[in-house]
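Let me begin by presenting the structure, written as structure tokens, before commenting on it.
For reference, positions follow the sequence shown, starting with 1. Treat the numbers as computed from the prediction; the structure is a model and nothing was measured.
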Amino acid sequence: METIFTKIVNRQIPAHIVYEDDLVIAFLDITQATKGHTLVVSKAPYKDIFEIPRDLFKHLFGVVHKLSGAINKSFNPLGINLLNNNGIEAGQTVFHYHVHIIPRYDLNEIDIKLKNNSSNLNVEDYKKRAEMIITALL
Ligand code: AMP
């Protein structure tokens with residue numbers, strides 16, 4: 001299915017493109033949550049991490065690695081967050097696989113904070129959760 005990112009790939013709408021190859025394109029996120037906020041996008045419109053083929057995923061993350069280095073070099077941030085939302089409940093708004101590279105200059109500039117939900121858990125709970133994942137890998 002065509003998305004807003006397909007339109008960028010096809011040059012139907014403008015974007016500030018910083019990288020492109022046969023499989024992947026990267027451009028500045030329009031919101032610029034922080035200076036240099038960049039999206040790395042698969043050209044083919046796979047919806048999310050469950051749809052994107054593993055080889056393409058590996059290639060895309062190679063590009064994420066390369067661009068993180070370039071952003072680090074050009075803007076000299078104090079840190080970088082990588083963010084990939086999958087599903088509405090996870091905050092995904094564009095259903096076309098992409099990874100955010102978000103350079104960080106200040107701890108409080110944007111809010112990406114994980115809550116600690118461990119207070120009611122015991123060792124058995126952790127064991128059960130780990131076993132469920134291990135079983136699913138088989
Ligand atoms: P997500 O919420 O993880 O699906 O991220 C989608 C991102 O796409 C948001 O951060 C938007 O700001 C960004 N976005 C949407 N439309 C455009 C556009 N035309 N050019 C650049 N970024 C866009």
Side-chain angles (χ1 to χ4, degrees):
M1 202 187 74
E2 287 236 329
T3 70
I4 187 111
F5 293 165
T6 312
K7 290 193 166 81
I8 291 174
V9 171
N10 294 334
R11 308 304 201 264
Q12 291 163 312
I13 60 168
H16 295 277
I17 296 167
V18 296
Y19 175 88
E20 182 172 25
D21 63 28
D22 289 349
L23 302 172
V24 166
I25 190 165
F27 47 86
L28 296 183
D29 190 296
I30 203 160
T31 61
Q32 287 297 280
T34 65
K35 185 175 63 184
H37 177 190
T38 297
L39 298 177
V40 185
V41 180
S42 70
K43 283 192 169 175
Y46 295 107
K47 185 166 60 109
D48 56 25
I49 195 168
F50 306 112
E51 276 198 358
I52 189 169
R54 187 169 301 182
D55 281 350
L56 176 53
F57 180 85
K58 284 186 192 168
H59 173 72
L60 189 146
F61 264 82
V63 174
V64 167
H65 187 266
K66 191 183 173 84
L67 281 168
S68 296
I71 288 168
N72 202 36
K73 194 171 159 190
S74 44
F75 298 116
N76 200 26
L78 300 173
I80 283 186
N81 289 112
L82 300 181
L83 178 68
N84 164 223
N85 299 322
N86 297 278
I88 293 175
E89 290 76 7
Q92 188 174 9
T93 59
V94 177
F95 296 89
H96 183 150
Y97 191 78
H98 59 280
V99 173
H100 297 252
I101 303 175
I102 308 173
R104 300 296 299 273
Y105 305 92
D106 181 315
L107 194 58
N108 302 313
E109 192 178 16
I110 55 170
D111 196 15
I112 308 182
K113 223 175 234 161
L114 299 183
K115 199 171 147 201
N116 185 344
N117 274 324
S118 67
S119 56
N120 297 323
L121 296 180
N122 58 39
V123 177
E124 283 310 308
D125 295 318
Y126 284 93
K127 268 192 192 161
K128 263 187 241 153
R129 290 178 187 191
E131 271 161 21
M132 285 176 79
I133 296 169
I134 291 163
T135 305
L137 281 171
L138 299 176

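For Leu114, the CG atom counts as loosely surrounded, since its 6.0 Å shell holds 12 or fewer non-hydrogen atoms of other residues, nucleotides or ligands. Within a 6.0 Å radius of OH in Tyr46, other residues, nucleotides and ligands contribute 12 heavy atoms or fewer. Taking a 6.0 Å sphere around CG of Asn10, one finds it holds more than 12 heavy atoms contributed by other residues, nucleotides or ligands.
For the residue pair Ile8 and Ala15, the shortest heavy atom distance occurs at CG2-CB, 3.5 Å. Considering all non-hydrogen atoms of both residues, Ser74 and Ala70 come closest at OG-O, 2.7 Å. A pairwise comparison of heavy atoms in Val41 and Leu60 identifies C-CD1, 3.9 Å as the closest pair. When all heavy atoms of Leu56 and Ser42 are compared, the closest pair comes out as CD2-CB, 4.0 Å.
Rounding to the nearest 0.5 Å places NE2 of His98 at 11.5 Å from CD1 of Ile52. Residue Thr135 holds its OG1 atom at 8.5 Å from CE of Met132, rounded to the nearest 0.5 Å. Atoms CD1 and NE2, on Ile101 and His65 in that order, are 10.5 Å from each other to the nearest 0.5 Å. Here the NE2-CZ distance, from His96 to Phe5, works out to 7.5 Å after rounding to the nearest 0.5 Å. To the nearest 0.5 Å, the span separating CG on Leu67 from CG on Asn72 amounts to 12.0 Å. To the nearest 0.5 Å, atoms CD1 (Ile71) and CG (Asn76) are separated by 13.0 Å.
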Report the C-alpha distance between Val24 and His59 in whole Å, list the side-chain angles of each, state the deciding distance to 0.1 Å, and finish with yes or no for side chain to side chain contact (heavy atoms under 4.5 Å, CB included).
CA-CA 8 Å; Val24 166; His59 173 72; 3.6 Å; yes

Can you check side chain to side chain contact (heavy atoms under 4.5 Å, CB included) on Leu23 and Lys43, steps first, answer last?
CA-CA 5 Å; Leu23 302 172; Lys43 283 192 169 175; 5.9 Å; no

Given side chain to side chain contact (heavy atoms under 4.5 Å, CB included), test Ile102 with Ile112 step by step and report yes or no.
CA-CA 11 Å; Ile102 308 173; Ile112 308 182; 4.2 Å; yes

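In this model, a donor atom of one side chain and an acceptor atom of the other lie less than 3.5 Å apart for Tyr97 and Asn84.
Under the 4.5 Å side-chain contact rule for hydrophobic residues, Val40 and Ile13 do not share a cluster. Linking Ile, Leu, Val, Met, Phe, Trp and Tyr whenever their side-chain heavy atoms come within less than 4.5 Å leaves Ile4 and Leu83 in two separate clusters. Hydrophobic clustering places Val18 together with Leu82 (ILVMFWY residues linked when any side-chain heavy atoms are closer than 4.5 Å, directly or through intermediates).
Under a 4.5 Å side-chain heavy-atom criterion applied to ILVMFWY residues, the cluster that includes Leu107 comprises that residue alone.
Residue pairs meeting the salt bridge (charged side-chain N to carboxylate O under 4.0 Å, His left out) criterion with at least one member in residues 86-107, sequence neighbours excluded, do not occur. Judged as a ring pair (Phe, Tyr, Trp, His ring centres under 6.0 Å), not a single pair has a partner in residues 116-138 (not counting sequence neighbours).
Between the Thr3 side chain and the Thr6 main chain, a donor and an acceptor come within less than 3.5 Å of each other. Side-chain N or O atoms of Glu51 include one that pairs as donor or acceptor with a backbone N or O of Lys47 at under 3.5 Å.
Electrostatic pairing of Glu124 and Lys127 counts as a salt bridge here, judged by a charged N lying under 4.0 Å from a carboxylate O.
With sequence neighbours excluded, the residues satisfying ring-ring contact (aromatic ring centres under 6.0 Å, His included) with Phe61 are Phe57. With sequence neighbours left out, Tyr19 forms a side-chain hydrogen bond (donor to acceptor under 3.5 Å, both in side chains) with Asp21.
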Throw together a table of side-chain donor-acceptor distances under 3.5 angstrom for residues 25-39, partners on residues two or more places apart or in other chains.
{"residue": "Asp29", "atom": "OD1", "partner": "Thr31", "partner atom": "N", "Å": "2.8"}
{"residue": "Asp29", "atom": "OD1", "partner": "Thr31", "partner atom": "OG1", "Å": "2.7"}
{"residue": "Gln32", "atom": "OE1", "partner": "Gly36", "partner atom": "N", "Å": "3.0"}
{"residue": "Gln32", "atom": "NE2", "partner": "Asp29", "partner atom": "O", "Å": "2.9"}
{"residue": "Gln32", "atom": "NE2", "partner": "His37", "partner atom": "O", "Å": "2.7"}
{"residue": "Thr34", "atom": "OG1", "partner": "Pro103", "partner atom": "O", "Å": "2.5"}
{"residue": "His37", "atom": "ND1", "partner": "Ala33", "partner atom": "N", "Å": "3.1"}
{"residue": "His37", "atom": "NE2", "partner": "His100", "partner atom": "ND1", "Å": "2.9"}
{"residue": "Thr38", "atom": "OG1", "partner": "Gly36", "partner atom": "O", "Å": "2.6"}

